[in-house]
Protein chains: 2
Amino acid sequence: MSNYLILTQTLKAAGMRLTPQRTAVCRFLAESDEHPTAAMIYDELKLQFDSFSLATVYNTLDALVKLGAVNALGGVGDDSVHYDADTEPHVNLACLSCNKIVDIPSEHVTHLDDEITAATGYKLLGARVLYYGLCPDCQESSNR
Amino acid sequence: MSNYLILTQTLKAAGMRLTPQRTAVCRFLAESDEHPTAAMIYDELKLQFDSFSLATVYNTLDALVKLGAVNALGGVGDDSVHYDADTEPHVNLACLSCNKIVDIPSEHVTHLDDEITAATGYKLLGARVLYYGLCPDCQESSNR
DNA sequence: GACTTATTTATAATAATTCTAAATTTGGAA
DNA sequence: TTCCAAATTTAGAATTATTATAAATAAGTC
């Protein structure tokens with residue numbers, strides 16, 4: 001199932017209405033791999049509606065986060081929260097020089113959930129695994 | 001070497017002056033396992049100084065984070081950043097209901113560095129592994 | 001089509017963090 | 001020690017992401 005359908009069906013299954021604004025937020029999230037902020041989503045989508053409000057963006061994002069379909073990534077360098085529609089276990093890897101964030105799959109991260117649940121009894125709702133470093137390109141640049 | 005000395009020596013090694021305010025922030029961080037916020041540190045330490053400013057707390061914390069001696073944990077449920085003086089590989093586990101954060105050691109997290117370096121060629125400089133969910137106590141409360 | 005309720009909108013309110021400029025303190029040099 | 005330049009602290013103002021509010025609008029149901 002496409003990521004877009006997962007998001008919209010998640011909202012519907014929770015008894016929420018599928019308004020044009022909400023489906024637009026879901027589509028934008030699903031089609032982006034840029035980990036957008038609420039403001040980035042708003043700036044883009046307001047062009048598509050006669051009127052459109054940041055509050056609607058937050059409303060939709062909060063619902064998706066609470067439903068576990070989207071991860072909120074806070075404290076990533078700038079001071080706003082980035083959203084990631086990929087909730088499969090993976091590592092976010094940020095380059096401190098060029099500020100790109102890439103997703104990478106990880107053998108060990110896929111096992112973390114089970115390990116943590118077994119060790120603590122917490123009910124896990126989400127995770128953020130964020131590494132910082134210098135990407136290969138920027139390592140080169142800094143050597144020149 | 002004690003955690004307190006690591007923090008103060010890190011500041012000194014970076015050419016920063018060891019003022020009484022800064023050493024107090026370092027001591028508080030080193031002796032706390034509560035992952036305090038800037039406001040929590042300020043509220044406690046202002047009792048020890050005739051005058052004391054939140055800006056000084058932020059100044060010191062920002063320096064320690066940039067130097068890699070402290071991790072900043074944002075987006076944890078309340079809307080302020082928590083600080084963790086333990087930079088050894090471990091999992092931070094936050095409860096979204098009571099906002100407590102606990103540290104837990106993890107077999108898998110200790111191997112993540114090697115795995116990521118091998119897979120990507122990045123030069124890793126730091127990491128934050130944050131899980132969030134409901135602690136056993138809060139799961140009970142929400143069932144009542 | 002009318003009704004009930006959820007949702008959207010625009011704006012105001014809140015609160016964490018950053019900025020600013022003046023006053024103070026620091027560590028080094030004479 | 002005393003002086004000096006530079007770093008630091010302070011208090012408060014400014015900024016800004018997010019949340020709350022209340023009136024207007026749209027959805028889904030009968």
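The sequence lines fix the lettering, A, B, ..., with proteins before strands; numbering per chain opens at 1.
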Flag side-chain contact, heavy atom, 4.5 Å: [X] against [Y]:
{"X": "B:Leu67", "Y": "B:Leu11", "value": "yes"}
{"X": "A:Gln21", "Y": "A:Asn59", "value": "no"}
{"X": "A:Val81", "Y": "A:Leu61", "value": "no"}
{"X": "B:His111", "Y": "B:Glu107", "value": "yes"}

Sugar-phosphate only, base, or nothing, as touched by B:Thr56 at under 4.0 Å among non-hydrogen atoms: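 Base contact.
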Whether over 12 other heavy atoms sit under 6.0 Å from B:Lys66 NZ: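 Open.
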C:dT8 OP1/OP2 closer than 4.0 Å to side-chain N/O of A:Arg22: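 For C:dT8, OP1 or OP2 has a side-chain N or O of A:Arg22 closer than 4.0 Å.
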Closest listed nucleotide, where the reference is the side chain of A:Asn59 and the choices are C:dA6, C:dT8, C:dA10: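 Selected nucleotide: C:dT8.
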Bounds of contact between DNA chain D and chain A, in 5' to 3' order, using a heavy-atom cut-off under 4.0 Å: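 Answer, 5' to 3': D:dA17 to D:dA27.
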Heavy-atom pair with the smallest gap, counting every atom of B:Glu115 and A:Ser106: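 It is OE1-OG, 2.6 Å.
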Separation of [X] atom [atom1] from [N] atom [atom2], in whole Å?
{"X": "A:Leu11", "N": "C:dT8", "atom1": "CG", "atom2": "C1'", "value": "15 Å"}
{"X": "A:Arg17", "N": "C:dT5", "atom1": "CZ", "atom2": "P", "value": "10 Å"}
{"X": "B:Gln21", "N": "C:dT24", "atom1": "CD", "atom2": "P", "value": "14 Å"}

N/O donor to acceptor pairs below 3.5 angstrom from side-chain atoms of residues 47-58 of chain B, sequence neighbours left out:
residue: B:Ser53; atom: OG; partner: B:Ala55; partner atom: N; Å: 3.1

Nearest-nucleotide comparison on DNA chain D, the residue closer to the 5′ end among B:Asp50 and B:Gly15: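 Its nearest nucleotide being more 5', the pick is B:Gly15.
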B:Asp84-B:His90 side chain donor-acceptor pair, cut-off 3.5 Å: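 Yes, B:His90 and B:Asp84 have a side-chain donor paired with an acceptor closer than 3.5 Å.
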Below 3.5 Å is the cut-off: list the nitrogen or oxygen pairs between protein and nucleotides 15-22 of chain C, distance only.
residue: C:dT17; atom: OP1; partner: B:Val81; partner atom: N; Å: 2.9
residue: C:dT17; atom: OP2; partner: B:Tyr58; partner atom: OH; Å: 2.4
residue: C:dT17; atom: O5'; partner: B:Tyr58; partner atom: OH; Å: 3.1

